[in-house]
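A short write-up of the structure that comes next.
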Amino acid sequence: MAVLNRLLLRVGARATTTSHSKFRAFSSSCSIVNPEADLKASPPSSSSSLLGSKLLPLRQDHHHPVQWVFLGCPGVGKGTYASRLSKLLRVPHIATGDLVRDELSSSGPLSSQLAEIVNQGQLVSDEIIINLLSKRLEAGEAKGESGFILDGFPRTIRQAEILEGVTDIDLVVNLKLREEALLAKCIGRRICSECGGNYNVACIDIKGEDGSPGMYMAPLLPPPHCASKLITRPDDTEEVVKERLRIYYEMTQPVEEFYRSRGKLLEFDLPGGIPESWPKLLQALHLEDHDDKQSAAA
Ligand code: AMP
């Protein structure tokens with residue numbers, strides 16, 4: 001993982017902390033003129049179809065913990081499946097959206113400007129994200145973590161290039177879901193303010209038409225002890241989700257091609273909710289979840 005901490009040096013990102021030598025090294029090489037403008041990213045200048053499951057390097061032994069990336073539109077379920085896989089493979093699940101939300105709730109110097117960007121559905125700048133990710137990786141490294149499943153990063157070609165410059169990504173899972181389901185899933189998302197658990201009150205029932213199959217996704221309701229503590233993300237309103245989808249197509253979809261051209265992209269069309277999708281995803285990844293099998297058999 002140490003190699004990933006070269007991220008900061010590669011990007012030349014402005015540090016939010018000056019306590020660490022790597023951050024200072026970067027700070028001094030920084031050429032940002034208007035720090036406020038730089039908080040927000042600018043647009044770029046430019047059924048499971050596994051792209052050869054036999055070709056993709058599905059690295060998963062103890063000596064080489066996986067280094068995977070999850071791509072996909074807002075609401076597709078990156079967090080759900082990345083966190084399940086992280087438990088199964090015993091590697092950290094690192095969601096840059098969570099890092100941003102932690103920064104927001106810390107009421108640090110950046111938080112009010114970041115809140116405005118995030119709540120409007122825009123991307124924060126590559127520098128800020130890489131800075132937050134570097135700090136997270138460094139903290140993990142100090143605890144002896146290795147391997148990772150990244151969720152929500154990279155989201156721009158520049159982020160993908162920086163990541164490629166510092167480490168080898170084994171596999172990029174590109175989750176896909178029909179757009180009508182994406183919007184409903186974001187709007188129905190609820191989070192327990194106490195334990196951080198993710199739930200969904202939406203019941204998605206898309207009728208099949210013109211030869212396309214229907215899709216049913218049952219709500220994922222919270223246990224009773226979370227039910228009274230549910231909150232909605234401020235960026236999960238219909239208007240903001242539509243903007244987030246627009247930004248995804250503009251800024252992040254090119255990242256799919258970046259990895260496709262390198263033979264690392266696993267395209268996975270989610271067939272429905274967790275009960276249908278999880279076993280199929282495991283199958284596509286050549287993995288088995290013994291706990292899941294046991295609970296299904298119980
Ligand atoms: P998410 O939870 O992944 O939907 O992320 C929430 C918000 O955090 C996004 O809408 C962006 O404003 C910000 N964010 C998360 N990851 C990134 C990234 N890799 N690049 C830029 N902004 C990000």
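Whatever order the structure lists them in is the order used to number ligands and atoms, beginning at 1.
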SB check R260 E257 (cutoff 4.0 Å): yes

ILVMFWY clustering at 4.5 Å (side-chain atoms), partners of I231: I191

Contact residues of ligand 1 (heavy atom under 4.0 Å), by chain and number: T96, G97, V100, R101, V118, Q122, L123, V124, I129, G152, F153, R155, Q159, R233, R244

Donor on one side chain, acceptor on other, S111 and E103, under 3.5 Å: no

For residues 201-214, run the donor-acceptor check on the side chains, cut-off 3.5 Å, and write out each pair with its distance to 0.1 Å, sequence neighbours left out.
from	atom 1	to	atom 2	distance (Å)
D205	OD2	K207	NZ	3.1
S212	OG	E209	O	2.8

So does K135 pair up with E138, basic N to acidic O under 4.0 Å? no

Which pairs with one or both residues in residues 185-197 pass side chain to side chain donor-acceptor pair (under 3.5 Å), sequence neighbours excluded? R189-D236

